[in-house]
Amino acid sequence: MARHKLGRDSSRVMLRERRLQRGLLSALGLVLAACQGEAPPSGGKGGSNGTAPSASSGTSTVGGVGGGSSAGSSPVVAGGSQGGSVNGGSSSGGVASAVGGGSASGAAGASTTGGAGSSASGAGGSSGSGGAAGGQAGSAGANGGGSGGTANVPMCKGTPTTLKDAGACSDRLIGTAIAANHLNDSSYTTTAKEFNYATPENEMKWDSIEPSQGNFNFAPGDQVVNFAKSNGMKVKGHTLVWRYSVPSWVSNIGSADALRSAMVNHITQVMNHYKAGGTVVAWDVVNEAWENDGTKFWDTPFSSKLGMGFVDDAFKAARAADANAKLYYNDYRADGMNAKANAIYNMVKGMVERGVPIDGVGLQVHTGTPNAPSTPDDILQNMQRIAALGLEIVISEMDVHVCDGLTAQQQKQYYHDVVAACVKVPKCTAITFWGASDKYSWVKDFNETNCAGKNPSACLWDDNWMKKSAYDGVMDALVGK
Ligand code: XIL
């Protein structure tokens with residue numbers, strides 16, 4: 001039975017969790033310590049950015065365990081100090097309300113009490129009606145049964161047998177990346193039924209969807225959306241502005257004004273195309289803008305010609321195109337409390353303060369060299385402070401490869417603990433895994449890991465579509481175990 005043990009001794013559980021985390025993190029750290037700050041995990045194009053600074057961004061290496069540098073260094077931990085303390089909230093009856101009482105900014109307050117759906121930023125007022133992706137915090141409050149909006153206690157109706165049903169115990173959407181070119185594999189499409197949220201893996205990236213200026217190729221993206229729709233899944237569009245998958249015509253635009261117009265037109269046309277269907281409920285508007293040390297943006301046509309203001313411009317164009325879609329900033333290696341996460345926190349805080357329409361932050365959680373693991377406590381703390389701004393958090397692309405020496409048990413534990421962190425934060429509304437099966441995992445082709453000659457085994461299903469113990473870890477976390 002998937003019953004949450006309301007009466008459990010939370011301090012004992014916390015101790016046990018800490019012990020497990022320590023073990024896991026030290027195992028993860030065997031190889032990772034030296035790997036900080038390498039090239040980004042994106043797109044496999046590596047490129048010159050690999051020079052990103054080392055030590056700094058990596059606060060969360062192994063040493064990060066005790067919080068050490070990382071936790072302490074965070075500039076603004078609003079969440080922790082507001083209302084429900086990071087872990088502490090969870091004492092009585094396990095009804096944590098990590099953010100619950102706390103949502104610092106007035107705007108967010110609504111989110112925990114059910115109803116409205118809380119279009120956090122206040123800026124967009126995107127109504128919270130945003131379909132499945134929206135409004136979840138509110139309904140979770142109902143589940144939690146508490147007027148205080150304790151959305152972080154999963155309450156299952158019956159025993160869930162799929163990830164999406166387990167996610168429904170706390171109203172989280174459970175997602176996977178979907179690639180159009182695998183939709184002819186029946187194992188792929190059958191396994192996809194475990195999920196109720198899809199992110200097109202590549203089909204909506206700029207070079208795929210607008211390969212030459214003004215010529216849009218929606219067919220592959222439509223395939224993913226149609227598949228999702230016919231399987232009862234919502235979709236998060238991915239991604240409107242990124243430094244990879246940028247066609248050369250964009251890079252070659254000379255003037256700032258022309259580039260801004262091209263960007264706004266791209267966002268407008270793509271979002272217009274998909275909003276009509278009602279399946280695409282959210283977008284990664286800007287992906288991976290920050291360098292790994294959090295000191296500045298990557299050098300891209302957007303940052304170099306438009307300055308950092310391109311992010312505001314992109315979100316404003318997105319809101320103008322679709323008033324109801326959830327709009328996210330998405331990045332990697334910024335899930336825990338580290339310099340890059342701080343930079344992102346400060347950026348989105350500024351956006352909220354300026355009234356720029358942003359609804360949330362995506363934490364990718366690609367884990368394993370070159371991305372050192374963040375402690376689940378750090379991830380929780382980061383989620384808390386983002387939630388305290390009134391923003392949602394989504395785990396957007398999680399996978400955990402084992403090439404650093406992780407055992408299956410440790411992998412399971414890490415998956416469990418990160419998912420459990422999301423479940424503790426009412427405004428963490430969705431958890432997406434970057435593919436279901438190892439068979440098609442991008443990690444196999446991503447050349448910045450240390451997986452040469454090894455199977456990354458990063459996903460919840462193995463190469464033969466058998467569920468791994470990591471799957472059980474996720475299920476447990478989703479039902480509150
Ligand atoms: C990856 C895809 O999975 C690969 O198929 C593709 O070759 C490169 O991009 N961060 C992101 C995703 O935001 O879009 C990336 O997806 C993985 C890292």
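The first residue of the sequence shown is numbered 1, and numbering continues consecutively from there. In each ligand, atom 1 is the first atom listed, and ligand 1 is the first ligand listed.
Between Trp461 and Tyr471, the gap from one ring centroid to the other is short of 6.0 Å. Checked against a 6.0 Å centroid threshold, the rings of Trp434 and His238 count as neighbours. The distance between the ring centers of Tyr329 and Phe315 does not fall below 6.0 angstrom. Checked against the 6.0 Å centroid threshold, Tyr197 and Phe195 do not count as a close aromatic pair. Tyr188 and His182 have their aromatic ring centers within a separation under 6.0 angstrom.
The side chain of Asn202, and not its backbone, has at least one atom closer than 4.0 Å to an atom of ligand 1 (non-hydrogen atoms only; side chain from C-beta on). Residue contacts with ligand 1, taken as heavy atom pairs separated by less than 4.0 Å, involve Trp242 solely via side-chain atoms from C-beta onward. Here Asp284 has no heavy atoms under 4.0 Å from ligand 1, in either its backbone or its side chain.
Using a 4.0 Å heavy-atom cutoff, Tyr244 is absent from the residues neighbouring ligand 1.
Set against the non-hydrogen atoms of Asn287, the atoms of ligand 1 under 4.0 Å away are 11 (C), 13 (O). With ligand atoms numbered from 1 in the order given, ligand 1 contributes 10 (N), 11 (C), 12 (C), 13 (O), 17 (C), 18 (C) to contacts under 4.0 Å with heavy atoms of Glu397. Proximity to Gln364 (heavy-atom distance under 4.0 Å) selects the following atoms of ligand 1: 10 (N), 13 (O), 18 (C). Below 4.0 Å from some heavy atom of His238 lie the following atoms of ligand 1, by number and element: 11 (C), 12 (C), 13 (O), 14 (O).
Taking both residues in full, the closest heavy atoms of Asp299 and Glu291 are given as N-OE2, 4.5 Å, listed atom of the first, atom of the second, then distance.
Checking Glu201, Glu288, Lys205, Met204 against atom 15 (C) of ligand 1, the nearest heavy atom belongs to Lys205.
Checked for salt-bridge contact, Lys412 and Asp472 miss the test: no charged N lies under 4.0 Å from a carboxylate O.
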